[in-house]
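Since the model is a prediction, treat every value here as computed from it, not as a measurement.
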Amino acid sequence: MKKIFYIDYPQEKKDPLFNNYRCKFCKESSLKINGLLENHKVNCEYRIEQKKLLDEFI
């Protein structure tokens, strides 16, 4: 089953002074990712694992 939004990826704070986060694996900003798997970098560990899970169900 494909999720509509992928917001369960590990995040880390990008800047300690602001409420801005990024993916722990690919370092892409959460604002850029915007809940979409395709917005993670191609080599992102989280994206790769989610794609594997999707392939198992198809």
Side-chain angles (χ1 to χ4, degrees):
M1 181 173 100
K2 185 174 179 177
K3 298 180 199 175
I4 296 173
F5 292 103
Y6 293 82
I7 57 172
D8 60 344
Y9 57 92
Q11 297 181 30
E12 60 188 16
K13 228 175 177 154
K14 190 173 181 179
D15 186 339
L17 300 176
F18 299 101
N19 198 17
N20 194 1
Y21 291 85
R22 65 184 179 188
C23 174
K24 180 180 174 183
F25 298 115
C26 67
K27 309 298 184 198
E28 203 66 72
S29 167
S30 295
L31 296 173
K32 182 177 179 190
I33 291 171
N34 199 28
L36 301 175
L37 190 58
E38 298 79 30
N39 289 347
H40 286 267
K41 291 183 179 175
V42 177
N43 63 345
C44 178
E45 192 175 321
Y46 174 80
R47 179 178 176 169
I48 292 168
E49 283 302 313
Q50 291 300 312
K51 290 279 188 182
K52 283 180 187 176
L53 290 174
L54 282 174
D55 289 344
E56 287 179 12
F57 289 109
I58 296 176

query = Are Tyr21 and Phe25 connected in the hydrophobic side-chain network, where two residues link if heavy atoms are under 4.5 Å apart?
reply = no

remark   = Here the pair of heavy atoms bringing Asn39 nearest to Ile33 is ND2-O, 2.9 Å

Distance, nearest 0.5 Å, that separates SG of Cys44 from CG of Leu37 = 8.0 Å

request  = Considering only Ile, Leu, Val, Met, Phe, Trp and Tyr, and joining two whenever side-chain heavy atoms are under 4.5 Å apart, list the other residues clustered with Ile48.
outcome  = none

task = Begin with the C-alpha distance, continue with both residues' side-chain angles, and end with the deciding distance and a verdict on side-chain contact (heavy atoms from CB on, under 4.5 Å) for Arg47 and Cys26.
result = CA-CA 9 Å; Arg47 179 178 176 169; Cys26 67; over 6 Å; no

task = First locate atom OG of Ser30, then atom CZ of Arg22, and finally report the distance between them rounded to the nearest 0.5 Å.
result = 10.0 Å

inquiry  = Could you measure the distance from the CG atom of Asn19 to the NZ atom of Lys13? Nearest 0.5 Å is fine.
reply    = 5.0 Å

task = Take the angle between the ring planes of Tyr9 and His40 and call it parallel below 30°, perpendicular above 60°, tilted in between.
result = perpendicular

query = Donor-acceptor pair, Asn34 side chain versus Leu36 backbone, under 3.5 Å?
reply = no

inquiry  = Enumerate the salt bridge (Lys or Arg N to Asp or Glu O under 4.0 Å) contacts for residues 23-35, please, sequence neighbours excluded, ordered by first and then second residue.
reply    = Glu12-Lys27, Glu28-Lys32

